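First comes the structure, then the notes that go with it.
The shown structure was predicted, so the numbers you read here are calculated from the model rather than taken from an experiment. Residues: numbered from 1 along the sequence shown.
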Amino acid sequence: MKTRLLEMRLQHGITIKQAAEIAGCAPRTYRLYELDQHAIKMRSLIRLALYYHTSTDYLVFLTDSKTPHWDNVSETACFASANEPQRKY
């Protein structure tokens with residue numbers, strides 16, 4: 001089965017070694033991720049999603065949309081208004 005990690009790496013024209021550096025793992029480990037023979041660590045998945053400018057959901061087949069969710073969120077939805085009282089948690 002072709003993984004999205006492999007698909008995205010090829011689309012971006014980078015080597016396994018380069019992708020491994022981005023993911024923060026050894027090239028052999030990264031290749032196992034691409035072959036779907038080893039579970040990817042969340043930290044690595046996030047780093048790759050940021051590099052490829054896509055979502056982690058896309059990389060793990062939870063969506064077919066390459067657009068990261070943060071591209072669809074307005075700045076006002078992310079940050080509280082300066083006039084709103086601060087919440088204590």
Side-chain angles (χ1 to χ4, degrees):
M1 178 174 110
K2 186 174 179 182
T3 63
R4 290 222 167 116
L5 293 176
L6 173 61
E7 176 187 315
M8 295 299 284
R9 180 177 65 80
L10 295 176
Q11 284 179 6
H12 284 79
I14 62 174
T15 65
I16 289 174
K17 183 178 179 183
Q18 291 169 318
E21 288 174 9
I22 294 162
C25 65
R28 177 166 161 61
T29 302
Y30 185 82
R31 186 66 180 144
L32 292 174
Y33 294 158
E34 280 191 347
L35 296 172
D36 201 22
Q37 295 179 354
H38 194 281
I40 189 168
K41 293 182 179 181
M42 183 59 70
R43 179 183 66 222
S44 297
L45 186 65
I46 291 168
R47 291 175 71 170
L48 289 164
L50 290 171
Y51 178 81
Y52 294 137
H53 196 72
T54 192
S55 69
T56 56
D57 287 354
Y58 178 77
L59 293 178
V60 298
F61 291 95
L62 293 177
T63 183
D64 289 329
S65 173
K66 287 184 181 180
T67 305
H69 301 293
W70 60 85
D71 282 353
N72 298 325
V73 179
S74 70
E75 186 175 331
T76 55
C78 294
F79 303 101
S81 167
N83 296 329
E84 291 184 27
Q86 295 294 318
R87 295 182 181 170
K88 294 182 181 179
Y89 295 98

With side-chain contact (heavy atoms from CB on, under 4.5 Å) as the criterion, how do Tyr33 and Leu45 come out once you've worked through the C-alpha distance, each side chain's angles and the decisive distance to 0.1 Å? CA-CA 10 Å; Tyr33 294 158; Leu45 186 65; over 6 Å; no
List the steps and the verdict of side-chain contact (heavy atoms from CB on, under 4.5 Å) for Ile40 and Leu59. CA-CA 11 Å; Ile40 189 168; Leu59 293 178; over 6 Å; no
Could you go through Arg31 and Glu34, starting from their C-alpha distance and side-chain angles, then the distance that decides it, and tell me whether this counts as side-chain contact (heavy atoms from CB on, under 4.5 Å)? CA-CA 5 Å; Arg31 186 66 180 144; Glu34 280 191 347; 2.8 Å; yes
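The structure places CE of Met8 at 5.0 Å from OG1 of Thr54, a figure rounded to the nearest 0.5 Å. The distance from the NZ atom of Lys66 to the CG atom of Asp64 is 10.5 Å, given to the nearest 0.5 Å. Taking OG of Ser55 as the reference point, atom CG of Leu50 lies at 10.5 Å (rounded to 0.5 Å). Remark: Glu21 CD to Thr15 OG1 distance equals 7.5 Å, nearest 0.5 Å. Rounding to the nearest 0.5 Å places CE of Met42 at 6.0 Å from OG1 of Thr56.
Smallest separation of non-hydrogen atoms from Leu5 and Tyr30: O-OH, 3.6 Å. Shortest non-hydrogen contact noted between Pro27 and Ile16 is O-CG2, 3.6 Å. When every heavy atom of Ala19 is checked against every heavy atom of Tyr52, the shortest pair comes out as CB-OH, 4.3 Å.
Val60 and Tyr58 fall within the same hydrophobic cluster, where Ile, Leu, Val, Met, Phe, Trp and Tyr residues are linked whenever their side-chain heavy atoms come under 4.5 Å apart, directly or through other members. Under the 4.5 Å side-chain heavy-atom criterion for grouping Ile, Leu, Val, Met, Phe, Trp and Tyr, Ile46 is connected to Tyr51 within one hydrophobic cluster.
Remark: Asp57 does not engage Arg4 in a salt bridge, criterion side-chain N to carboxylate O under 4.0 Å.
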